[in-house]
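Let me begin by presenting the structure, written as structure tokens, before commenting on it.
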Amino acid sequence: MKDYVSEQLLQLIEELKNQEVLPADLTPRFTVERTKDKSHGDFATNLALTLAKPAKANPRQIAEKIVALLPQDGAIERVEIAGPGFINFFLDESWLARQVSAALADPQLGVPITKRPKTVVIDYSSPNLAKEMHVGHLRSTIIGDAVARTLEFLGHKVIRQNHVGDWGTQFGMLLALMEQLRQTGREISMELADLENFYRQAKQQFDDSPDFATRSRQLVVELQSGDKHCLALWQEFLNISLSHCQKIYDRLGVGLTPEAIYGESAYNADLPLVVSDLEKTGLLTEDQGAKCVFLDEFKGQDDTPLPMIVQKKDGGYLYSTTDLAALRYRQNQLKADRILYFVDVRQSHHFRHLFAVARKAEFLAATTEVEHMGFGTVMGDDGKPFKTRSGSVAKLADLVDEAEKRARLLVAEKNPDMAASELDEIGRIVGIASIKYADLGKNRSSDYLFSFDNMISFEGDTGPYMLYAYTRVASIFRKAEIDEKNLSGDIILGEEIERELANRQIQFAEILNRVAERGTPHLLCGYLYELASTFSSFYKNCPVLSAETEESRNSRLQLCLLTARILKQGLALLGIGTLERM
RNA sequence: GCGCCAGUAGCUCAGUUGGAUAGAGCAUGUGACUUCUAAUCACAGGGCCGAGGGUUCGAAUCCUUCCUGGCGCGCCA
């Protein structure tokens with residue numbers, strides 16, 4: 001609708017140019033926005049205000065000219081000029097009602113499939129397989145997942161890439177410990193059940209025992225040269241670690257599968273080629289024995305050029321090299337039109353550098369968009385990165401356990417007679433929803449404070465509130481005992497709150513497009529919360545099943561149905577499941 | 001030292017890229033359950049948008065100088 005109004009205004013500007021009210025070379029910047037205040041209509045534009053200066057006229061006079069030129073339109077009931085020269089648009093009620101009917105008839109709920117589908121590669125989650133997944137992986141995993149789902153819903157082809165850390169020197173000490181345990185006849189898979197502890201043991205031995213450290217380094221070299229024994233140990237380790245990750249993904253309802261795994265080691269063979277190709281394009285410089293790329297835009301202290309080192313003086317490669325290889329693979333093999341990285345915002349400098357080098361080296365097509373979708377740190381009550389009470393990094397699995405436990409407790413409090421199995425199920429869904437909603441609801445790029453108390457408080461803007469809102473709609477249909485497929489009749493927007501609800505409902509598409517464009521699921525959370533809260537208010541004020549007339553009852557049932565569908569779909573795009581009762 | 005990000009109600013956070021009277025939730029206070037789930041709803045109080053200066057019809061938003069906090073900055077990832 002916003003786009004539609006903008007379109008008309010653009011035509012109108014041309015008309016004004018023909019009339020020589022405006023200079024011909026002018027391309028005005030203006031906005032069409034939803035209003036905050038109902039008295040300002042449903043939409044408003046500042047066009048007349050921005051035109052005042054170039055037209056050398058009073059903004060209100062220009063506004064009048066604009067209004068006079070606006071075509072008669074079924075969607076707009078009336079137009080008003082207000083304040084210093086804003087033009088306010090009031091939506092036609094029957095038009096709004098028809099939009100609701102159309103959305104109900106549409107499996108996409110009124111959200112158009114994109115006319116220009118893109119292949120979008122999304123790099124997210126990407127844990128280090130040497131350790132267990134911890135709280136630091138939460139945001140990348142669930143924000144990336146939500147954006148992936150949203151892009152798919154809009155009709156794009158999404159390729160998920162889980163760029164796991166499965167290579168590097170730390171694997172030497174892990175393999176050394178595996179080897180040692182095997183010699184003493186211990187069952188390795190058992191020992192690896194607690195990855196975190198395994199890593200700690202290996203690290204400790206590495207620090208304490210020179211023999212162990214030597215063996216570790218030796219194993220790294222053997223692994224890199226493709227030694228069979230080493231590769232087998234390494235593969236065994238990876239399998240176990242990956243299955244830990246998959247377990248977390250499944251619990252969290254994250255749409256990552258083994259198919260998405262394409263780790264650092266996948267690029268090993270490519271690394272020398274990256275370096276030689278950089279050399280061919282003349283970008284490579286040797287500096288103090290290391291192979292570097294220097295770009296003029298990247299300066300360090302005292303204006304000294306800042307290199308991107310792609311090969312160390314000992315011949316080893318670095319993460320920059322791997323990232324370049326990955327970027328090229330995504331461009332050439334995966335045919336990406338757009339590449340998104342959901343990685344800690346602290347790496348933003350690295351990514352700027354990486355993208356610039358990749359462009360210069362033509363590893364990326366000029367038309368390919370690449371964006372670092374950085375996210376902030378999860379903080380504890382003390383304002384420092386979130387840790388457990390004992391001061392160690394919080395394992396994701398423990399976090400999920402805790403959330404489920406707390407959620408179950410509160411659900412049990414509300415439903416003293418509920419069967420244990422149902423409590424488990426509901427507690428699980430509510431717990432996960434709480435964690436995910438609390439995280440996804442915050443602006444991606446800033447740090448946020450993690451608090452179980454806030455997110456499982458069950459009051460206000462929380463995951464549980466969203467699920468509760470959904471169950472209330474669901475219960476209406478249970479009670480009514482009607483098949484939603486048989487609902488028909490016109491939508492009647494008699495009450496102000498009904499109008500408001502309809503207005504929200506038809507906004508879904510606009511929100512999803514913005515989420516997809518900016519990689520910001522918190523906009524969807526905010527929208528769904530407003531929808532749920534508008535619905536709660538409607539639910540209070542407008543009896544549905546006992547509505548005064550049959551027409552009103554039918555209309556309200558349809559408003560309920562669309563609310564339910566948008567809530568369910570919207571939450572699904574966030575990776576949050578719904579419940580029919582709770 | 002250089003660079004990036006942040007500073008909005010007691011707390012946690014929004015603020016549609018410069019728009020109309022800066023908004024939510026929690027917490028506090030008041031009212032509403034014989035009526036579709038009160039995990040709810042309605043209402044109230046609460047603000048020098050870190051500070052100063054500038055740009056203009058109009059600034060939380062843009063520019064500038066400071067203050068405070070966080071994070072980066074050549075062979076880790």
Side-chain angles (χ1 to χ4, degrees), chain A residues 2 29 31 33-37 39-40 44-46 49-50 52-53 58-59 82-86 88 128 165 168-170 264 287-292 298-314 316-320 322-323 344-350 352 374 376-377 379 383-384 410-411 413-415 430 438 441-443 445-449 451 453-455 457-462 464-465 467-469 471-480 510-511 514 522-523 525-526 529-530 533 536-537 539-547 556 560 581-582:
Chain A
K2 254 160 75 168
R29 283 177 54 107
T31 55
E33 289 170 339
R34 282 188 180 270
T35 53
K36 293 170 196 155
D37 186 336
S39 69
H40 296 144
T45 181
N46 61 353
L49 290 163
T50 68
K53 193 168 273 179
N58 172 318
F86 290 101
N88 295 332
N128 178 357
T169 52
Q170 55 202 332
E264 290 171 352
D287 190 68
Q288 298 165 42
K291 293 190 172 152
C292 312
F298 292 86
K299 296 269 166 66
Q301 292 170 19
D302 306 326
D303 256 15
T304 52
L306 194 72
M308 170 178 279
I309 299 175
V310 292
Q311 191 167 16
K312 297 190 280 188
K313 63 181 167 208
D314 68 4
Y317 300 102
L318 295 111
Y319 68 114
S320 294
T322 310
D323 281 346
D344 196 310
V345 74
R346 283 172 293 193
Q347 292 194 34
S348 58
H349 187 266
H350 164 66
R352 275 217 312 278
T377 309
M379 303 296 219
K384 293 190 184 129
L410 284 178
V411 174
E413 215 170 86
K414 295 276 179 189
N415 307 281
V430 172
K442 267 99 184 176
N443 191 331
S445 56
S446 41
D447 298 345
Y448 83 92
L449 218 73
S451 158
D453 290 339
N454 286 352
M455 67 189 176
S457 79
F458 285 26
E459 263 148 39
D461 190 5
T462 62
Y465 174 88
L467 297 188
Y468 179 66
T471 62
R472 292 172 105 186
V473 200
S475 88
I476 289 180
F477 284 91
R478 246 198 328 275
K479 245 190 179 112
E510 181 189 321
I511 297 293
R514 207 146 57 206
H522 80 283
L523 298 174
C525 290
Y529 176 72
E530 278 169 5
S533 129
S536 287
S537 183
Y539 180 93
K540 200 73 177 181
N541 293 306
C542 300
V544 177
L545 297 177
S546 54
R556 285 177 183 173
C560 287
R581 66 180 85 209
M582 62 191 275

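- Across B:C62 and B:C26, the matching C1' atoms stand 34 Å from one another, rounded to whole Å.
- A:F298 and A:H349 have perpendicular rings, their planes meeting at more than 60° on a 0 to 90° scale where under 30° would count as parallel.
- Remark: P of B:U40 and CZ of A:F458 are 10 Å apart, rounded to the nearest angstrom.
- Between B:G72, B:C36, B:A77, one nucleotide has an atom nearer to the side chain of A:Q347 than all others, and that is B:A77.
- For B:U16, there is no paired base (Watson-Crick or G-U wobble, both distances below 3.5 Å).
- For A:T31, the side chain to side chain donor-acceptor pair (under 3.5 Å) criterion is met by A:N46, not counting sequence neighbours.
- Among the atoms of the strands shown, only primed sugar atoms or phosphate atoms (P, OP1, OP2) are found under 4.0 Å from some heavy atom of A:L318.
- Residue contacts for A:A44: at a heavy-atom cut-off of 4.0 Å it reaches a base atom on one of the strands shown.
- Residue A:N443 has a polar side-chain atom (N or O) positioned under 4.0 Å from OP1 or OP2 of B:G15.
- Close to B:C36, at under 4.0 Å from its OP1 or OP2, lies no side-chain N or O of A:K540.
- When rounded to the nearest whole Å, the span between CG of A:D461 and P of B:G25 equals 8 Å.
- Nucleic acid contact for A:N88: base, since at least one base atom lies under 4.0 Å from a heavy atom of the residue.
- A:M582 comes within 4.0 angstrom of a base, heavy atoms only.
- Spacing between atom NZ of A:K299 and atom P of B:G3 amounts to 13 Å, rounded to whole angstrom units.
- When heavy atoms are screened at a 4.0 angstrom cut-off, A:Q288 is found touching base atoms of the nucleic acid.
- The C1' atoms of B:A51 and B:A6 are separated by 16 Å, rounded to the nearest whole Å.
- Pairing for B:G45 is absent, with no Watson-Crick or G-U wobble pair whose two atom distances lie under 3.5 Å.
- Contact record, A:L318 with A:K312: CD1-CG, 3.6 Å, taken as the closest heavy-atom pair.
- Rounding to whole angstrom units, CG of residue A:N128 and P of B:A77 are separated by 11 Å.
- Within the structure, a side-chain polar atom (N or O) of A:H522 is placed less than 4.0 Å from OP1 or OP2 of B:G15.
- Among the protein residues, A:H350 comes within range of no part of the nucleic acid, since none of its heavy atoms lies under 4.0 Å from any strand.
- Between A:F86 and A:T35 the shortest side-chain heavy-atom distance does not fall below 4.5 Å.
- Residue contacts shown for A:D323 are absent, as no nucleic acid heavy atom lies under 4.0 Å away.
- Among the heavy atoms of the strands lying under 4.0 Å from A:Y529 are primed sugar atoms or P, OP1, OP2 only; no base atom is included.
- At a threshold of 4.0 angstrom between heavy atoms, the contacts of A:D287 include nucleobase atoms, whether or not backbone atoms are also involved.
- Remark on RNA chain B: of its neighbouring residues A:V411 and A:L545, the 5'-side contact belongs to A:L545, judged by nearest-heavy-atom nucleotide.
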Would you tabulate the nitrogen or oxygen pairs shorter than 3.5 Å linking the protein to nucleotides 58-63 of chain B?
none

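- You'll find the ring centres of A:F458 and A:Y468 outside the 6.0 Å limit.
- Nucleic acid contact class of A:K313 (heavy atoms, under 4.0 Å, all strands): base.
- Pair assignment for B:A38 gives none, since no Watson-Crick or G-U wobble pairing has each distance under 3.5 Å.
- When the nearest nucleotides of RNA chain B are assigned to A:T169 and A:V430 by heavy-atom distance, the more 5′-ward of the two goes with A:V430.
- Backbone-only engagement by A:Y465 is indicated by non-hydrogen atom pairs under 4.0 Å involving sugar-phosphate atoms exclusively.
- Aromatic stacking is not marked for A:H349 over B:G3, as the cut-offs of 5.5 Å for the centres and 30° for the planes do not both hold.
- If you check every strand for non-hydrogen atoms under 4.0 Å, A:A52 touches nothing.
- With a 4.5 Å cut-off on side-chain heavy atoms, A:F477 and A:S475 do not count as touching.
- Between the CG atom of A:L523 and the C1' atom of B:A14 there is a distance of 10 Å, rounded to whole Å.
- Backbone-only engagement by A:L449 is indicated by non-hydrogen atom pairs under 4.0 Å involving sugar-phosphate atoms exclusively.
- Side-chain nitrogen and oxygen atoms of A:S537 include at least one within less than 4.0 Å of the OP1 or OP2 phosphate oxygen of B:A42.
- OP1 or OP2 of B:A38 sits under 4.0 Å from a side-chain N or O of A:R472.
- For the OP1/OP2 pair of B:C76 and a distance below 4.0 Å, the side-chain nitrogens and oxygens of A:K312 include at least one atom meeting the criterion.
- Contact annotation: A:Y319 does not reach the phosphate of B:A77 (side-chain N/O to OP1 or OP2, under 4.0 Å).
- In this structure the side chain of A:P307 never reaches within 4.5 angstrom of the side chain of A:D287, judged on heavy atoms.
- Checking B:U64 for Watson-Crick or G-U wobble geometry (two distances, each under 3.5 Å) identifies B:G52 as its partner.
- Residue A:H350 comes nearest to A:S320 through the heavy atom pair CE1-OG, 3.7 Å, listed as atom of the first residue, atom of the second, then distance.
- Straight-line distance from the CD atom of A:E413 to the P atom of B:A38: 18 Å, rounded to whole Å.
- Within 4.0 Å of A:C542, counting heavy atoms only, lies at least one base atom of the nucleic acid.
- Nucleotides B:A20 and B:A59 are separated by 14 Å at their C1' atoms, to the nearest Å.
- Atom CZ of A:R34 and atom P of B:G19 are 17 Å apart (whole Å).
- Across all strands shown, B:C26 forms a Watson-Crick or G-U wobble pair with B:G10, both key distances being under 3.5 Å.
- The shortest side-chain heavy-atom distance between A:S451 and A:D453 falls under the 4.5 Å cut-off.
- A close approach under 4.0 Å does not occur between any side-chain nitrogen or oxygen of A:S536 and OP1 or OP2 of B:A38.
- Rounded to a whole angstrom, the distance from the C1' atom of B:A14 to that of B:A60 is 12 Å.
- The salt bridge (charged side-chain N to carboxylate O under 4.0 Å, His left out) test applied to A:R346 returns A:D344, not counting sequence neighbours.
- When the side-chain nitrogen and oxygen atoms of A:K414 are compared with OP1 and OP2 of B:A39, one or more of them lie within a distance under 4.0 Å.
- Rounded to whole Å, the distance from NE2 on A:H40 to P on B:A22 is 12 Å.
- Pair assignment for B:G72 gives B:C2, based on Watson-Crick or G-U wobble hydrogen-bonding distances that are each under 3.5 Å.
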